[in-house]
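Here is how names work: the chains are called A, B, and so on, in the same order as the sequence lines, proteins then strands, and each is numbered from 1.
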Protein chains: 2
Amino acid sequence: MARSRAPTFDSQRADILEHAADLFAEHGFRGASMANIATACGVSKPLLYHYYRDKSQLLFDIADHYMDRLLAIVAEVKERALEPEPHFRALVHAFMEAYEHAQSRHRVLVQDVKFLDEEDRARIVARQRAVVDAFAEAVAALRPRLRRRDLRVPLAMILFGMLNWTFTWLRASGPLTYADMADVVLEIFLDGVRVKS
Amino acid sequence: MARSRAPTFDSQRADILEHAADLFAEHGFRGASMANIATACGVSKPLLYHYYRDKSQLLFDIADHYMDRLLAIVAEVKERALEPEPHFRALVHAFMEAYEHAQSRHRVLVQDVKFLDEEDRARIVARQRAVVDAFAEAVAALRPRLRRRDLRVPLAMILFGMLNWTFTWLRASGPLTYADMADVVLEIFLDGVRVKS
DNA sequence: CCTACCGATCGGTAGG
DNA sequence: CCTACCGATCGGTAGG
């Protein structure tokens, strides 16, 4: 009979994923070696292969679990059945809060998904597209008479630009919090910054 | 007497830089080998080392030349001495036009500068900061009564988010042109997207 | 003696 | 779950 999994299996696996995400974020997928990850986790390199088939699987799991989280946020906000503007505000706030607690995963998603093989990459990209579509709908609902339907996705991508670019400059330890940032983005996106008459 | 450089030296060097930028953009700094770059350029690997001391020098040159271009745009627009809003519009349009013709260099700047050694990285980061400062001033001029001075740089970073994130989704061959994109960003940043009463 | 450039191979390290 | 290794490929440089 097959031996059962150690009770620590899942937490050990999660710990490896966390350290791997940090190292991929900092050094890139090619720049971080399996030996580096093993050392960071305080385990041997062969033990890593007990939890993950190969290096790509580790990368895929980081990206896929992170997409689980982002899609769960989209679903949770949708369930509240809010009016267009509160719905939009809730999405932006929930995403910034998620980003605050997943900075390494966020970087990995942005910079390293291109190293996945075609099949794995396609799955991640499809799930990202689902998130973009949810935002495009939320944006369109704000402006129901928007004439150019072809601008729905670009408007969502512009919004994601404001939110996602934070990985290059916003730090949880800085003076501007992630919640402040959500408010500033909402102010700009909803009203712009031009001097009001 | 020292033999002079071949007349093709500068163009050969520029050709190498271009191919290296494409490969770094696609595969990352660690994923693109000197052998790959040599093959793409149609030269031998040792010849690469005639033009560039090492792989890092190649990366630095890509980033530094691109910063030359971006800082030149900032200076050119400043020389026109426009009013705040036309000045701001000119900056956004000029940057989007530069991005359109430098997609690989743009990606390299975003994703690979972290692989430079401390000194080279510091130079690039300092020049990037100069660009951010120029945008922060241009944004502040739009809204001279902005109460929170500490929002000047975040506002500029939010704008850069909209512009720079295009590297993930905007294609020169697509239906939305870079010039269209500049106009949409300006509309949002200046007026927001809320339904106007 | 210089610079320009080749075919071949170096020491070290990657993922496995 | 370890040490000990492998085939391959890395960035960089030797002699000529």
Do the side-chain N and O atoms of N36(A) and T39(A) include a donor-acceptor pair separated by under 3.5 angstrom?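 On atom types as modelled, these side chains do not qualify, holding no pair under 3.5 Å.
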Pick base, sugar-phosphate or nothing for A32(B), based on heavy-atom distances below 4.0 Å to the nucleic acid.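 Sugar-phosphate only.
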Please work out whether the ring planes of F167(A) and W165(B) are parallel, tilted or perpendicular, with thresholds of 30° and 60°.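 Ring orientation of F167(A) relative to W165(B): perpendicular.
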Aromatic ring pairing F135(B)/F95(B), orientation class (parallel under 30°, perpendicular over 60°, tilted between): perpendicular
Check the phosphate of dC5(C) against Y51(B), side-chain N and O only, distance under 4.0 Å to OP1 or OP2. Yes or no?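 Yes, because at least one side-chain N or O of Y51(B) sits under 4.0 Å from OP1 or OP2 of dC5(C).
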With a cut-off of less than 4.0 Å, is there a side-chain N or O of S44(B) near OP1 or OP2 of dC5(C)? no
Figure out the [atom1]/[atom2] separation between [X] and [N], and round it to whole Å.
X      : N       : atom1 : atom2 : result
Y52(B) : dT13(D) : OH    : C1'   : 20 Å
I37(A) : dG15(C) : CD1   : C1'   : 11 Å
H50(B) : dC6(C)  : NE2   : P     : 10 Å
N36(B) : dG12(D) : CG    : P     : 14 Å
L47(A) : dT3(D)  : CG    : C1'   : 14 Å
L59(B) : dG11(D) : CG    : P     : 13 Å
R53(B) : dT13(D) : CZ    : P     : 10 Å
L48(B) : dG12(D) : CG    : P     : 10 Å

Honestly, is R107(B) close enough over F24(B), meaning NZ or CZ under 6.0 Å from the six-membered ring centre and within 45° of the axis?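 Negative - R107(B) is either too far from the ring of F24(B) or too far off its axis.
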Any salt bridge linking E137(A) with R152(A)? Criterion: basic side-chain nitrogen under 4.0 Å from a carboxylate oxygen.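 Judged by the 4.0 Å cut-off on N to carboxylate O distance, E137(A) and R152(A) do not form a salt bridge.
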Nucleotide of dG11(D), dC6(C), dT3(D) approaching P46(B) most closely (side-chain heavy atoms): dC6(C)
Among dG15(C), dG12(D), dC5(C), which is the nearest nucleotide to the side chain of Y49(B)?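 Nearest listed nucleotide: dG12(D).
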List DNA chain C stems (3 or more consecutive Watson-Crick/G-U pairs, under 3.5 Å)? none
Rounding to an integer number of angstrom, what distance separates dG16(C) and dA4(D) when you compare their C1' atoms?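 Pairwise C1' distance, dG16(C) against dA4(D), rounds to 13 Å.
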dG15(D) and dC5(C): how far apart are their C1' atoms, nearest whole angstrom?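 Here dG15(D) and dC5(C) have their C1' atoms 13 Å from each other.
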Using a 4.5 Å cut-off on heavy atoms from C-beta on, say whether the side chain of D120(A) contacts that of D64(A). no
Taking the nucleotide of DNA chain D with the nearest heavy atom to each, does V43(A) or R30(A) sit closer to the 5' end? V43(A)
Quick check on E97(A): does its CD atom have over 12 non-hydrogen neighbours (other residues, nucleotides or ligands) under 6.0 Å away?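 For E97(A), atom CD is not crowded (no more than 12 foreign heavy atoms under 6.0 Å).
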Does K55(B) get its side chain close enough to the base of dG12(D), under 3.5 Å, for a donor-acceptor pair?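 Between dG12(D) and K55(B), which were checked side chain against base, a qualifying N/O pair under 3.5 Å is absent.
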